[in-house]
Amino acid sequence: MAGTDFGHAIGLPRALSGLPLSPLVGGYGELLSAQQTLGLSHLGELLTPPGGRLRLLDGIFAVTGPGRRRHVGPEVLRSLRRDRPEPAAAWLLERLAAIQDADPAALRRILLYQLTHLLQDHPQGELPATATGFGVDRAEAAALVRAAARRARLDEGQRAAAESLRDDVLGHRIRSAARRAALLPPAGEDRPLAALLAELAARTAAADTVLAVARRAEEQGDPGRACLHYEEAAALAGDCPRAVRGLVRTYRPEPGDPGPPVSVLVPGGVELRWPSGDFGDTRWRVVRLTRGEPAGAPLAEVPGRPVGGVLVDADAGIGEEIRHVALPLRADGTVDGPPLIAAPLSVAPAVTEPAAVDGNGWIGASWTAPPDAVHCEVTLTGPRGPVPVPPVARAGSRETLRVEGPTPGRYAWVVRARYAPKGGAEQGALSAPVTVPVTVHAWPEPVLTLTARPREAGGVEFRRTGGDGAEVRLVRWPGTTPAERAELTAAELPPPLDWAAPGWTDAATDDPTTSVAGTSVPGARVPGAGLPGTGRPAGDGPACVGHPPPGSQTVVSAVSVLGARAVAGPSVLVEAPLLVTGLVLRRAAPDVVEVGFDWPGAAGTVTAAVTQDGRRTELAVARSVFLREGLRLPVTPAALAVEVHAAPRSARSVLASPGADARAELPADVAISYELVPGARRGLRRGPAVLRVTVRAPGGAPGPDHPDLPGFVLVARGDGGRDPRRPSGPADGPTVCRVTGAELAAAAASTGTGTGTVERPIDTAVAPGRPYALRGFLLGGAAASVRLEEPPLPTLVIH
């Protein structure tokens, strides 16, 4: 109906007929990215000042007021660039100016394309006010709204195809452009798009025709002619998968042709390295072919340009077999000449950080598996050929493997990563092998047991089992003692004990005794004897003698060494007590002995052992008690011996004999007593008094052949006083009676009990005048060690 056609009210018939379905400009994606960086809803906002309006029906104009408008051409765009210091805005305005220089209608087409989508996406896009809200001049808003409503709506996929179509055409990616064109609705009144689509269809048809000729030539067995036609098809459609695959099948390099590029797996992708030839400024289109994909599948193009003859393909699929094809290009982007075809490559990253180690009777390997690998396949080859391997143990990305019992020699681990099958393949790709050589060394035999015991001659004797064929060292670890059979290196061992004799001997020990609490007792049996690590004898074995420093406590460990390798063995705790000096004994009473000695250094406890009547009794004495109270031991009057030595600080210690314990002996408690027996009555008077001397020697005393008892004398003293003073010594008065030691010994021996009595009358002729006092004394022999028991004093005064 008249007056209702689009654009009738503008005065420019058909000014907005056929709004564009595609911007049809190369690099539109970059324009859109820069626009979004600046926060613009459409590019027209960049062309008008604040508050200005945009007209674009008969050209692009910035309306700044009534009757004032400015045509926006390349020069205006460049002047706007000088007013916008932001890098993104300056780049965008310069790019728009270049687009205007190349095609004056291109920028208007872009603006109409963007405004159309804004109106179609707006919930009130059919209202002119919506258009004016986007900055369109009120005079053109209604016409633009009606035109946008008539244009076909594009979904997200169609928009992407429309915006990339021109890039594909400019890049001679005709097959991709054809796929995008198939997504678009009919061009209708969009004449530039219709012309492009017609050209695209003609070019596609031409490429199909050449492909058909190439296939016939290949089928007829003429690869040379087929290669020429495949090359022609690639020139018509640079992204034609059938043309490129045909070139791979039929191209045969001739003498003088450059060598193929090399595809190499690198961290982060595949590196394509060009041959060493000089290609000048040649441009390349690099595509990636994947085994198993359909013949007509779109080509995967590797973006970027080679730098220094190297191009990195970061998008190659893990676990796939690929092949790179580099197509040389003319200045206009069409294929120029035969391709460079790389050899097939499995994108199967190999394992990393491989390591191998050998141990005592085992060999191991570890590596880091790629994250996409399904599993790793491992082989082990040794001097005698392949060695069976157990399943791989995995902890995160780190995998380990251990094989027990290999013989010494050279071995090689080979590790490959296996990937999941792709594209219908029966087996997944297998990575390049990673070989890890390792030498299995001979390790020393471990020491099985280590025992220690005191030696009567002093020090301690070590005996061991195991360690055959190796050097066995006795060491003291400065820190934590390694566990038995821990694998070590000889370099990390501490020096051998400086107080142990080097080397081991198989000679029998010269000490036939065992030990009880550090004291050598012939024939004594030690609880726990023969148990490994207890410090007790464990049968025959190589022996080593050591003399630990007095006062030391040492954890002695055995280590077997062979070359640069060592194996930790068992340990035993050895303690060397300090010698006790100054031991003296004194019998305080027939049943009490006082023991004195110098306390041994910082020892906390000493052990005192009393041997009497064939029995041995031990007593632990604490330092604080000894210093405060001394040491008094209950005994019998019989002879005894006392030994004192420092006690061990640990119940597990083996006490090294110091060579001679502190020992003192005390003879039996021999006592001599005397008394005066009144004389017999003779009428009214008594006869002279009789001296009765009694000797008591428990356990028996020496007989007449060994008269080691002292003699006894009785001395009188009188001064005429009522209470005469007692004699103070054997020379303090005349002797009134004497009994020899031999007589006393004979009397003691005659009874067989050690007790005997001798009676003698008192010689009153030599006594002083009455009253006088008598007193007995012991003389000679062992007088100091014999106790004299005196009767009550009143009985010794004669009136």
Side-chain angles (χ1 to χ4, degrees), residues 6-7 14-32 43 56 99-100 102-121 144 147-213 232-244 285 287 296-299 301 327 329-330 332-335:
F6 173 68
R14 302 181 65 82
L16 289 180
S17 61
L19 286 182
L21 286 167
S22 171
L24 292 184
V25 61
Y28 181 77
E30 294 180 341
L31 295 178
L32 196 59
L43 290 176
L56 39 75
I99 291 174
Q100 280 285 68
D103 181 3
L107 181 55
R108 178 175 178 270
R109 184 179 183 88
I110 293 172
L111 293 174
L112 289 173
Y113 175 80
Q114 291 187 346
L115 286 169
T116 299
H117 284 301
L118 288 173
L119 292 172
Q120 289 181 343
D121 293 342
L144 182 61
R150 293 176 57 188
R151 204 210 71 174
R153 291 178 177 269
L154 304 180
D155 59 24
E156 186 175 350
Q158 289 174 319
R159 288 187 186 183
E163 293 168 4
S164 301
L165 180 62
R166 186 63 178 171
D167 287 331
D168 283 345
V169 173
L170 293 176
H172 296 277
R173 293 184 289 272
I174 302 305
R175 297 296 186 187
S176 177
R179 289 193 298 273
R180 298 187 193 279
L183 298 176
L184 299 178
E189 296 180 344
D190 187 351
R191 289 189 295 273
L193 177 60
L196 179 63
L197 295 180
E199 177 187 353
L200 186 59
R203 198 163 173 179
T204 301
D208 290 341
T209 300
V210 176
L211 275 177
V213 174
E232 183 181 355
L236 290 170
D239 65 336
C240 179
R242 298 185 183 276
V244 173
R285 171 175 293 146
V287 296
L299 293 176
E301 189 168 339
L327 302 167
L329 303 179
R330 299 188 181 96
D332 61 357
T334 58
V335 175

Working for side-chain contact (heavy atoms from CB on, under 4.5 Å), residues Leu329 and Val335: CA-CA 5 Å; Leu329 303 179; Val335 175; 4.2 Å; yes
Closest approach of Cys240 to Leu211 (non-hydrogen atoms, all atoms of both residues): SG-CD1, 3.5 Å
Any donor-acceptor N/O pair, His117 side chain to Leu154 backbone, under 3.5 Å: no
Under 3.5 Å donor-acceptor, Glu163 side chain and Gly29 backbone: no
Leu193 to Ser22 - nearest heavy-atom pair and separation: CD1-CB, 4.4 Å
Spacing of Thr116 atom OG1 and Leu144 atom CG [to the nearest 0.5 Å]: 6.0 Å
Shortest non-hydrogen separation from Ala106 to Gln100 and the atoms involved: N-OE1, 4.5 Å
Distance in Å, Leu107 CG paired with Leu56 CG, rounded so as to fall on 0.5 Å steps: 9.5 Å
Main-chain N/O of Leu184 paired with Gln158 side-chain donor or acceptor, under 3.5 Å: no
Arg159 versus Tyr113, closest heavy-atom pair with distance: O-OH, 3.8 Å
side-chain contact (heavy atoms from CB on, under 4.5 Å) against Asp168, all qualifying residues, sequence neighbours excluded: Arg173, Ser176, Ala177, Arg180
Nearest heavy atoms of Ala234 and Ala243, plus distance in Å: N-CB, 3.8 Å
Leu119 side, atom CG; Leu115 side, atom CG - distance, nearest 0.5 Å: 6.5 Å
Test item: Glu301 side-chain N/O and Asp239 main-chain N/O as donor-acceptor pair under 3.5 Å: no
Step-by-step side-chain contact (heavy atoms from CB on, under 4.5 Å) determination, Leu165 to Leu197: CA-CA 10 Å; Leu165 180 62; Leu197 295 180; 4.2 Å; yes
Main-chain N/O of Gly27 paired with Asp167 side-chain donor or acceptor, under 3.5 Å: yes
Sidechain-backbone polar pair: Thr334 side chain, Arg330 backbone, donor-acceptor under 3.5 Å: no
Approximate separation, where rounding is to 0.5 Å, of Leu21 CG and Arg109 CZ: 8.0 Å
Residue pairs fulfilling salt bridge (charged side-chain N to carboxylate O under 4.0 Å, His left out) with at least one residue in residues 199-210, sequence neighbours excluded: Arg175-Asp208
